[in-house]
Amino acid sequence: MRVVVVGAGLAGLTAADELTAAGADTVVLEARDRVGGRVHGLEVAPGSWVDAGAAYLGDKHTMLAAALAESDLKTTPTAMVGASRFDLGSLSTRPGRFPPLSAVALGELFDALDEVTSSVRPHAPWLSPDAEARDARSAADWAAEHLRHPDARLFFPLFLGEMMAADPAAISVLHMAFYLRSGGGTGYLNAFEGGAQQDRVDGGSHQLAVALAARLGDRVRLSQPVRAIHQDHRGALVHTAAGTYPADAVVVAVPPLLADEIEYRPGLPVGRAGPGTGRGCAIKVHLVYPAPLWRDAGLSGWSLSSAGPMQSTVDDSPPGVGVLTGFVTGAEALRFSALTAAEQRASVRAQVSGLFPDLPPPTAIHVTDWVAEPYSRGCYAALFGPGDWLQRGPTLTTAHLRVHWAGTETSTEFFGLMEGAIRSGHRVASEIRARY
Amino acid sequence: MTVDAVLAIFRRVLPSSDLDVDSDFFTVGGDSLLATRVLSAVARECGVELTFEEFLLAPTPAALAVTIATTVGNGALR
């Protein structure tokens, strides 16, 4: 059996690895000159790597844990000890991560979120109670109705930015509810210790993609963007600028907005994305220091700002160097993405000098703009806007003849996370092994 | 608000069922996010809006009921 996998992110590599082990003749076509997709490492000092893309994991991410163990990769806890800095109208320092906002107002927000997340059907959100109304409505409209307290209205977009890299106006209520449920619940997704941000991969999560690709060897072909997939009664032909690859089965393991850029003959009955489907709006900023100097002042490195451009910072220091990771998300990411590199650095520098006035200027600033990445089109994941779940949900994993779908956006478990990507890779491999 | 009423809120919010009036919220599975849901329930049921710090200082049903009573007694209904 010949299988062509489109996309060498965690989903495609996982599928290719499993299918190759099962005896398939596998080729992985990757558009970039590197593997990993939205998992990407950045060497900020000799031997010190940070995650420019997906970074965190927790105990519920069992398939990711298994894949890491298989490649002899270890995890390291995310450091979160000390006081936090807040810029929510005014600057303050407080112990722990709880923001200087009304706890009752935040409780009302989480009560309202719990009401929509607990009623969603996680494996078939389009069949949830009230699915039509929730699919048609934006999360911003929902917030305008349900959140009365100004503190809840201030916090909600920061929270959704953090959780989903989404502007509330860009996603449906159904997608918000599904995403929070899919990721293990609002509390789990939000938490560091005991939650989805508990650990990082020691040395960077990109090592997993590198290890999987190493096992696949010359089956992985870089710089081969797929232009077209043509099918007839004999099989499929996958076309790149450099050549044509015949296949009995094809796995398209790229985000929905990119999957729709491929020409399919015959065409898809339902597009992988629609007019309402958006790019995940995340830009990661890495601020490099000689050491995690904030720890000396009793600070955790965690900050939360309503002013931007960075909504939050977190201490992601690898051994031997200090690194604050800043997250620019949601609507702010689109504004930031439109700045020149010099303007981006200047605004980050100005913000961090206000948040952490005792720190020296960073020795380097790295900006990873996922919104502008042509071969990702957003991060953490595609944003399903109003209309998307009802129209596309039922066929999210339905093969188009010999073309099968993978990627974190096809996983109803841990959608948008590395765990979802890996689960989708195993699911599509089982699908193909059962059919061909 | 009675201790039993506060305990009932703890039981609704926390997944753990093994709770009594002296259970410390933060050692029986509670975190800051769930804490806000205790405080919104207290506000809904008796009109007292406590801060996160007040809950940290009184993290058991028994202690929280005292804090609520004191706040009401002080006429500090917010």
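Note on naming: letters A, B, ... go to the chains in the order of the sequence lines (proteins, then strands), and numbering restarts at 1 for each one.
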Check: A:V116 and A:L180 side chains under 4.5 Å, non-hydrogen atoms:
no

Check: B:F26 ring centre within less than 6.0 Å of B:F55 ring centre
yes

With heavy-atom distances below 4.5 Å as the criterion, would you say the side chains of A:L158 and A:L88 are in contact?
yes

Quick one: of A:L109, A:V104, A:L106, who has the most non-hydrogen atom pairs under 4.5 Å with chain B?
A:V104

At a cut-off of 3.5 Å, what donor and acceptor atoms pair up between chain B and chain A?
| unit_1 | atom_1 | unit_2 | atom_2 | d |
| --- | --- | --- | --- | --- |
| B:R37 | NE | A:D111 | OD1 | 2.7 |
| B:R37 | NH2 | A:D111 | OD1 | 3.3 |
| B:R37 | NH2 | A:D114 | OD2 | 3.3 |
| B:S40 | OG | A:D111 | OD2 | 2.6 |
| B:R44 | NH1 | A:D111 | OD2 | 3.1 |
| B:E53 | OE2 | A:R94 | NH1 | 3.4 |
| B:E53 | OE2 | A:R94 | NH2 | 2.6 |

Could you walk me through whether A:I171 and A:F384 pass the side-chain contact (heavy atoms from CB on, under 4.5 Å) check?
CA-CA 6 Å; A:I171 58 170; A:F384 285 16; over 6 Å; no

May I ask you to check whether A:F110 and A:F156 place their ring centres under 6.0 Å from each other?
no

How many angstroms lie between CZ in A:F414 and CG in A:L64, if you round to the nearest 0.5 Å?
10.5 Å

Minimal heavy-atom distance between A:A282 and A:A333, with the atoms involved, is N-CB, 4.3 Å

Quick check for you: among A:G96, A:P95, A:G107, which has the greatest number of heavy-atom pairs under 4.5 Å with chain B?
A:G107

